[in-house]
Amino acid sequence: MSKEVADAMIASQTYRSNNACQKAELTFDFWRYAWMTKKVDLYLAQYAPDFASENMSHAAWKALRAERINAPKGYIWIGAENKTWSNNAKQYQVTFKQNYKSNLYQDTVIKTLVFEDIGGKCLITKELVISS
């Protein structure tokens, strides 16, 4: 997704609907775009308000993610390969190969993101690293 397209979508919020997670792929694209462009507020906005990770409160998780995204690095690239989508009545989920690269670090993991419609917004409620 180009920066221009993402900025236009952010401005219009057209990706939100009454059944927001029918468009979970757009939330996924926003998540990647925000991470790669270091737009911390937009990145964090893709997560549920009570999202927590590995023995951390939501506030501690947000602070850690902001610190890591804002750390001095020249670039961040998030590749997403072999995406497999599934859904049920309540959730959408994608499992994919994530290739993270920056000028300081790189890794590849298999990750699953779970999305739910929360208040008319499709938000990430779980993030699981399946293998590294």
[X] to [Y] - nearest heavy-atom pair and separation:
X	Y	result
S57	A52	C-CB, 4.3 Å
R32	G79	NH2-CA, 4.2 Å
N70	K38	OD1-O, 4.3 Å
V40	A66	CG1-CB, 3.7 Å
N103	G74	OD1-N, 2.7 Å
S102	Y75	CB-O, 3.0 Å

Would you say D41 has more than 12 foreign heavy atoms packed within less than 6.0 Å of its CG?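 No.
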Is it true that atom NZ of K101 has more than 12 heavy atoms of other residues, nucleotides or ligands lying nearer than 6.0 Å?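 Atom NZ in K101 is not crowded, with 12 or fewer foreign heavy atoms closer than 6.0 Å.
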Within-4.5 Å side-chain heavy-atom neighbours: T125 and I118: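 Yes, side chains in contact.
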Is the shortest heavy-atom distance from the side chain of Y47 to the side chain of R65 under 4.5 Å?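 In short, these two side chains do not touch, never coming nearer than 4.5 Å.
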How long is the gap from [atom1] on [X] to [atom2] on [Y], to the nearest 0.5 Å?
X	Y	atom1	atom2	value
Q46	W35	CD	CH2	13.0 Å
L44	I124	CG	CD1	10.0 Å
Q98	D107	CD	CG	7.0 Å

Can you sort out the partners of W77 under ring-ring contact (aromatic ring centres under 6.0 Å, His included), two or more places apart, ordered by chain and number?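 None.
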Evaluation steps, side-chain contact (heavy atoms from CB on, under 4.5 Å), between L113 and Y92: CA-CA 8 Å; L113 296 178; Y92 280 71; over 6 Å; no
List, by chain and number, the other hydrophobic cluster members for V129, where Ile, Leu, Val, Met, Phe, Trp and Tyr join if side-chain heavy atoms come within less than 4.5 Å, directly or indirectly.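 Besides V129, the hydrophobic cluster comprises V109, listed by chain and residue number.
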Treat each ILVMFWY residue as a node, draw an edge where side-chain heavy atoms are under 4.5 Å apart, and state whether I110 and Y105 are in one component.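 Different hydrophobic clusters.
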What about V114 and F28, same hydrophobic cluster or not, with Ile/Leu/Val/Met/Phe/Trp/Tyr joined at side-chain heavy-atom distances under 4.5 Å?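 Cluster IDs for V114 and F28 differ.
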Side chain to side chain contact (heavy atoms under 4.5 Å, CB included) with [X]: which residues, sequence neighbours excluded?
X	value
S86	Q93
N88	K90, Q91
S53	F51, W61
N99	E81, K97, T108

side-chain contact (heavy atoms from CB on, under 4.5 Å), that's the test. Do I78 and M36 meet it? Break it down for me. CA-CA 7 Å; I78 308 298; M36 290 189 294; 3.7 Å; yes
Could you go through the side-chain contact (heavy atoms from CB on, under 4.5 Å) check for W31 and E127 one step at a time? CA-CA 12 Å; W31 172 79; E127 183 173 347; 4.2 Å; yes
Among K83, E25, K111, find the one that has a side-chain contact (heavy atoms from CB on, under 4.5 Å) with V94.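 Running side-chain contact (heavy atoms from CB on, under 4.5 Å) over K83, E25, K111 with V94 returns exactly one hit, K83.
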Main chain of C122, side chain of T27: is a donor-acceptor contact present, judged purely on distance under 3.5 Å?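 Between the backbone of C122 and the side chain of T27 there is a qualifying donor-acceptor contact (under 3.5 Å).
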side-chain contact (heavy atoms from CB on, under 4.5 Å) between N82 and F96, worked out: CA-CA 5 Å; N82 305 324; F96 62 102; 6.0 Å; no
